[in-house]
Protein chains: 2
Amino acid sequence: MGRRDDHAAQRILEHWQSEFPEDRLAHLVRDAARVLAKSLQVRLAEYSVSFGHWSFLRVLWYSEGLTQRELSEQVGLMEPTTFTALKAMEAKGLIERRHQDGNRKNLHIYLTDKGRALKDELIPIAEELNEVAVRGLSEEERRIMHRGLLAIIQNLFEAGAVS
Amino acid sequence: MGRRDDHAAQRILEHWQSEFPEDRLAHLVRDAARVLAKSLQVRLAEYSVSFGHWSFLRVLWYSEGLTQRELSEQVGLMEPTTFTALKAMEAKGLIERRHQDGNRKNLHIYLTDKGRALKDELIPIAEELNEVAVRGLSEEERRIMHRGLLAIIQNLFEAGAVS
DNA sequence: ATTTTTAAGTTAGTTTGCTAAGTAAATTGT
DNA sequence: ACAATTTACTTAGCAAACTAACTTAAAAAT
């Protein structure tokens, strides 16, 4: 990493010693999410897989044949997002969208060989990145972060904070 | 919160008992960030302040007169993003962009009275939301999450993971 | 059996962020 | 003092997400 990036890293870190008590955690979570996403994006780009597509591939590798709606729910995105992503993935030859059992409405999603083959290439990348990200954190700390993030999500839902 | 939301909450939580070891943390961080952002957005909307504008306001409340570039760095966003947000905020009468000291290049950003007045209304909202989010987590756990998130950001920068 | 309701997919338009490339002012080097 | 470089802002265009509203198929109710 060059001097420019060291500088960027330092800036983003210094940033967090500073003021703004009122929503420090929210911004910190957001920054971490951005850095994580960006990192994965950079690595996936070598395989011409976008970050958006990755989210669907990782679900499909575990369970093909879901409908678009079911996929939406599994992935945690809204349907129009899913729709757009899947159309693009179909155009790139990663998946097929098929009607089934005489039902002319539901579309079931299947991987192509090409899409399926990416699994063995991309999973190690994600695993390695994950490992790098939490390097230096103890098992205990990792568990607490996991539980803590879940708690935040749950708290906000329970408080009716999210629509 | 209605039944529909309970359902949504449960789905998002069940989601995290499931497979996908390879980047569970990354997705969890991302989901938490989305829920946090969404929650704040909903609350800010009552004041016609968008989430994007909030990020700048909170910095400006602590230090007016920064240039656009300096603001970008403080907020942690790229300059074009800053530019667009500030133009919109100027149009809404929240800030002014002014040349200074005979320098025809740098633009310094100042709050209008309207922008300044929002501070007392919005800061409590953010504080309250933050409190709700981490409800049930001990001081110790909060500290670990804070350190852990910082560590993730730092690790990824150090690994050259981010461009 | 027909109507009504619900569900799945789609389209349109918005928001928030990005990168890459352009322009013009200010600074530095000769 | 002038040329070259760097810096600050701007423009253009793209990506990933969203909400709201539409269409049509399937399921439920009368």
Side-chain angles (χ1 to χ4, degrees), chain A residues 4 7-8 27 30-31 33-42 44-45 48-57 66-92 97-109 162-163, chain B residues 4 7-8 27 30-31 33-42 44-45 48-57 66-92 97-109 162-163:
Chain A
R4 203 176 149 285
H7 189 232
H27 273 255
R30 218 157 66 88
D31 271 15
R34 288 226 314 269
V35 174
L36 278 163
K38 185 67 197 305
S39 303
L40 189 54
Q41 221 170 289
V42 167
L44 292 176
S48 304
V49 171
S50 77
F51 181 75
H53 297 174
W54 157 262
S55 310
F56 290 96
L57 285 174
L66 298 176
T67 64
Q68 289 195 181
R69 168 162 246 117
E70 288 165 342
L71 252 180
S72 276
E73 297 188 354
Q74 270 293 314
V75 171
L77 297 175
M78 295 296 104
E79 282 174 77
T81 308
T82 302
F83 172 75
T84 313
L86 291 177
K87 283 292 269 188
M89 290 171 76
E90 186 179 39
K92 288 185 77 173
R97 305 156 74 232
R98 295 209 294 263
H99 287 294
Q100 225 169 38
D101 309 323
N103 186 314
R104 283 181 295 159
K105 194 175 175 187
N106 301 19
L107 278 172
H108 298 262
I109 312 299
V162 189
S163 78
Chain B
R4 204 177 147 283
H7 188 232
H27 274 255
R30 217 156 68 87
D31 271 16
R34 290 227 312 269
V35 174
L36 278 163
K38 185 66 196 305
S39 304
L40 189 53
Q41 221 171 288
V42 166
L44 293 177
S48 305
V49 172
S50 77
F51 182 75
H53 297 174
W54 157 263
S55 310
F56 290 96
L57 286 174
L66 299 176
T67 64
Q68 289 196 180
R69 167 162 249 116
E70 289 165 343
L71 252 181
S72 276
E73 298 188 352
Q74 269 294 314
V75 172
L77 298 175
M78 294 296 105
E79 280 174 78
T81 307
T82 301
F83 171 76
T84 313
L86 291 178
K87 283 292 270 187
M89 290 171 75
E90 185 179 40
K92 288 186 78 174
R97 304 157 73 233
R98 295 210 294 263
H99 288 293
Q100 224 169 38
D101 308 324
N103 185 316
R104 283 181 295 157
K105 195 176 173 187
N106 300 17
L107 278 171
H108 298 261
I109 312 298
V162 188
S163 79

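Here the structure is a predicted model, which means the values were calculated and not measured. Letters A, B, ... are given to chains in the order of the sequence lines, protein chains preceding strands, and every chain is numbered from 1. Because only heavy atoms are used, hydrogens play no part in the values below, and waters and symmetry mates are left out as well, while side chains stay in.
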Note to self: Go through it in stages, so that I can follow the logic: the residues are B/Arg30 and B/Arg34, the test is side chain to side chain contact (heavy atoms under 4.5 Å, CB included), and I'd like the CA-CA distance, side-chain angles, deciding distance and then a yes or no.
What the structure shows: CA-CA 6 Å; B/Arg30 217 156 68 87; B/Arg34 290 227 312 269; 4.2 Å; yes
Expressed as a whole number of angstroms, how long is the span from [X]:[atom1] to [N]:[atom2]?
X: A/Asp31; N: C/dT16; atom1: CG; atom2: P; value: 17 Å
X: B/Leu107; N: C/dA25; atom1: CG; atom2: P; value: 12 Å
X: B/Phe56; N: C/dT16; atom1: CZ; atom2: P; value: 11 Å
X: A/Trp54; N: D/dA16; atom1: CH2; atom2: P; value: 15 Å
X: B/His99; N: D/dT10; atom1: NE2; atom2: C1'; value: 12 Å
X: B/Leu40; N: C/dT16; atom1: CG; atom2: C1'; value: 14 Å
X: B/Phe83; N: C/dA20; atom1: CZ; atom2: C1'; value: 16 Å
X: B/Met78; N: C/dC18; atom1: CE; atom2: P; value: 5 Å

Are any of [X]'s side-chain N or O atoms less than 4.0 Å away from OP1 or OP2 of [N]?
X: A/Ser50; N: D/dA15; result: no
X: B/Lys38; N: C/dT16; result: no
X: A/Thr81; N: D/dC18; result: yes
X: A/Asn103; N: D/dA26; result: yes
X: A/Arg104; N: D/dA26; result: yes

Side chains of [X] and [Y]: closer than 4.5 Å at any heavy-atom pair?
X: A/Leu107; Y: A/His99; result: yes
X: A/Arg69; Y: A/Glu79; result: yes
X: A/Ile109; Y: A/Gln68; result: yes
X: B/Leu57; Y: B/Met89; result: yes

[X] side chain, from C-beta outward: closest of [options]:
X: B/Arg30; options: D/dA25, D/dA17, C/dA20; answer: D/dA17
X: A/Arg34; options: C/dG17, C/dG9, D/dA17; answer: C/dG17
X: B/Leu77; options: D/dC18, C/dT10, C/dG17; answer: C/dG17
X: B/Gln68; options: C/dT16, C/dT10, D/dT10; answer: D/dT10
X: A/Arg69; options: C/dA25, C/dG9, D/dT19; answer: C/dG9
X: A/Pro80; options: C/dT10, D/dA25, C/dA25; answer: C/dT10

Item checked: Verdict with reasoning, B/Thr82 to B/Val75, per side chain to side chain contact (heavy atoms under 4.5 Å, CB included) -> CA-CA 9 Å; B/Thr82 301; B/Val75 172; 5.8 Å; no
Item checked: Presence of donor-acceptor pair under 3.5 Å, side chain of A/Lys105 and base of D/dA25 ->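 Flag set: donor-acceptor pair detected.
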Next item on the list: Between A/Thr84 and B/Glu79, name the one whose nearest nucleotide on DNA chain C is closer to the 5' end.
Entry: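 It is A/Thr84 whose nearest nucleotide is closer to the 5' end.
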